[in-house]
K.L.:
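Have a look at this one before I ask anything.
Because only heavy atoms are used, hydrogens play no part in the values below, and waters and symmetry mates are left out as well, while side chains stay in. Labels below follow one simple rule: chain letters A, B, ... track the order of the sequence lines, proteins then strands, and each chain is numbered from 1.
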Protein chains: 2
Amino acid sequence: MGATKTDHFTDKQNTIATLAKAIGHPARVAIIEYLMKVDSCICGDIVNELPLAQPTVSQHLKELKNAGLIKGDIEGNTICYCIDEKAIEKLQNYFGYISTKLINKKKDCC
Amino acid sequence: MGATKTDHFTDKQNTIATLAKAIGHPARVAIIEYLMKVDSCICGDIVNELPLAQPTVSQHLKELKNAGLIKGDIEGNTICYCIDEKAIEKLQNYFGYISTKLINKKKDCC
DNA sequence: TTTTTATATTGCAATATTACAATTAATATT
DNA sequence: AATATTAATTGTAATATTGCAATATAAAAA
């Protein structure tokens, strides 16, 4: 085997997993943070900001886009990517939900 | 190649990536949600809750533990695992931070 | 003490990810 | 039109992940 059994889990669980997985690489965290920092969406200099080759960055961008974390496309010969706020909100809500649930939990160990 | 270049990124970026990566699998999302639902930390029935074999679940638990998302250990012959609230808080704060940053951003595309 | 129960570890096959050189595609510039 | 620029795609090697059968470990129950 080796393939994730996505069909055995709920859509919500798969959605969270997909989003989290996309952020689960420091290069993609760095990309998100760079997109956040820059005012404009025209971010042709992402490659210069990262210690990775252009094809690698392009691949990471593709993964972020497939996961729904960023949106946009090329415009002329510059890329135009920006964070999809809805995805970030989903994650924020999810972890917020877990946090509040944990506060109301009685603990008998750990 | 094939190995992630963790040393090229900041500690914070690597921390977020490690935590997100650990959640980046539906089985581990399901585990987190189960630990959240159950009142006690004694969760010997995680295997029965998941559509995966016992060694696979054990491996996922190990990964969650290595990433710092859950804590605990075996107690007698039952496992005693529970969510590490600090890790969830880190994620919640991180995505909250991104969200608020995005609200104050001017957008010219996407 | 033997057996049962619960979880971890090992070994392995299948698949996925990471990274990059080389190339392609497509727009900009000259 | 020819060239330069920018980013995607392709191909490929190295590494990591996923999943499980078999086995090991260790405590509880008989």
K.L.:
For A:Lys62 and for B:Gly24, find the nucleotide of DNA chain D with the closest heavy atom, then tell me which residue's nucleotide is more 5'.
P.N.:
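The residue whose closest nucleotide sits nearer the 5' end is A:Lys62.
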K.L.:
Between B:Lys65 (NZ) and C:dA8 (P), how many Å, whole number?
P.N.:
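Answer to the nearest Å: 8 Å.
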K.L.:
Supply the atom-to-atom distance B:Phe95 CZ to B:Thr100 OG1, rounded to the nearest 0.5 angstrom.
P.N.:
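The distance works out to 13.0 Å.
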K.L.:
Which dot-bracket notation, 5' to 3', represents the base pairing of DNA chain D when pairs are defined as Watson-Crick or G-U with both distances under 3.5 Å, crossing pairs as [ ], and inter-strand pairs as |?
P.N.:
||||||||||||||||||||||||||||||
K.L.:
OP1 or OP2 of D:dT17 less than 4.0 angstrom from a side-chain nitrogen or oxygen of B:Lys21, does that happen here?
P.N.:
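The answer is yes; a side-chain N or O of B:Lys21 sits under 4.0 Å from OP1 or OP2.
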K.L.:
Return the CD1 to CD1 distance between B:Ile46 and B:Ile79, rounded to the nearest 0.5 Å.
P.N.:
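CD1 of B:Ile79 is found 4.5 Å from CD1 of B:Ile46.
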K.L.:
Which heavy atom of B:Pro26 sits nearest a heavy atom of A:Ala17, and at what distance?
P.N.:
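The answer is N-CB, 3.4 Å.
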K.L.:
Just the rounded figure in Å: distance from P of C:dA6 to CD1 of B:Ile46.
P.N.:
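These atoms are roughly 14 Å apart.
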K.L.:
Which residue is it: B:Asn14, B:Leu69, B:Asp84? I am looking for the one with a side chain to side chain contact (heavy atoms under 4.5 Å, CB included) to B:Leu19.
P.N.:
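That would be B:Leu69.
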K.L.:
Rounded to whole Å, please give me the gap between CD1 in A:Ile23 and P in C:dT18.
P.N.:
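Nearest whole value for this atom pair: 13 Å.
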K.L.:
Which distance, rounded to the nearest 0.5 Å, do you find between the NZ of B:Lys21 and the CG of B:Asn66?
P.N.:
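Here the rounded value is 11.5 Å.
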K.L.:
Starting at NE2 of A:His25 and ending at P of D:dT17, how long is that distance when rounded to a whole Å?
P.N.:
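One finds 11 Å between P of D:dT17 and NE2 of A:His25, rounded.
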K.L.:
Quick check on D:dT17: is either OP1 or OP2 less than 4.0 Å from any side-chain nitrogen or oxygen of B:His60?
P.N.:
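No, no such contact exists.
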K.L.:
C:dT18 C1' sits how many Å from A:Leu50 CG, rounded?
P.N.:
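Between C1' of C:dT18 and CG of A:Leu50: 14 Å.
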K.L.:
Nearest to the side chain of A:Ser58, which nucleotide is it out of D:dC20, D:dT9, C:dT18?
P.N.:
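So the side chain of A:Ser58 is nearest to D:dT9.
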K.L.:
Starting at CG of B:Leu61 and ending at P of C:dT9, how long is that distance when rounded to a whole Å?
P.N.:
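One finds 11 Å between P of C:dT9 and CG of B:Leu61, rounded.
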K.L.:
Measure CD1/B:Ile79 against P/D:dA27 and give the value in whole Å, please.
P.N.:
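One finds 16 Å between P of D:dA27 and CD1 of B:Ile79, rounded.
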K.L.:
Check the phosphate of C:dA6 against B:Tyr81, side-chain N and O only, distance under 4.0 Å to OP1 or OP2. Yes or no?
P.N.:
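B:Tyr81 to C:dA6 OP1/OP2: no side-chain N or O under 4.0 Å.
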K.L.:
Rounded to whole angstroms, how far apart are CD on B:Gln54 and P on D:dC20?
P.N.:
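Atom-to-atom, B:Gln54 to D:dC20, this comes out as 11 Å.
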K.L.:
DNA chain C: A:Glu63 or B:Thr56, which has the more 5' nearest nucleotide?
P.N.:
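Final value for this comparison: B:Thr56.
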K.L.:
Would the distance check show the side chain of B:Lys65 and the main-chain N or O of B:Gly72 forming a donor-acceptor pair, the cut-off being under 3.5 Å?
P.N.:
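It does hold such a pair.
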K.L.:
Taking side-chain contact (heavy atoms from CB on, under 4.5 Å) as the definition, give me every residue that meets it alongside A:Thr56, ordered by chain and number, with sequence neighbours left out.
P.N.:
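Scan of A:Thr56 (side-chain contact (heavy atoms from CB on, under 4.5 Å), adjacent residues dropped) gives A:Leu52, A:Ala53, A:His60.
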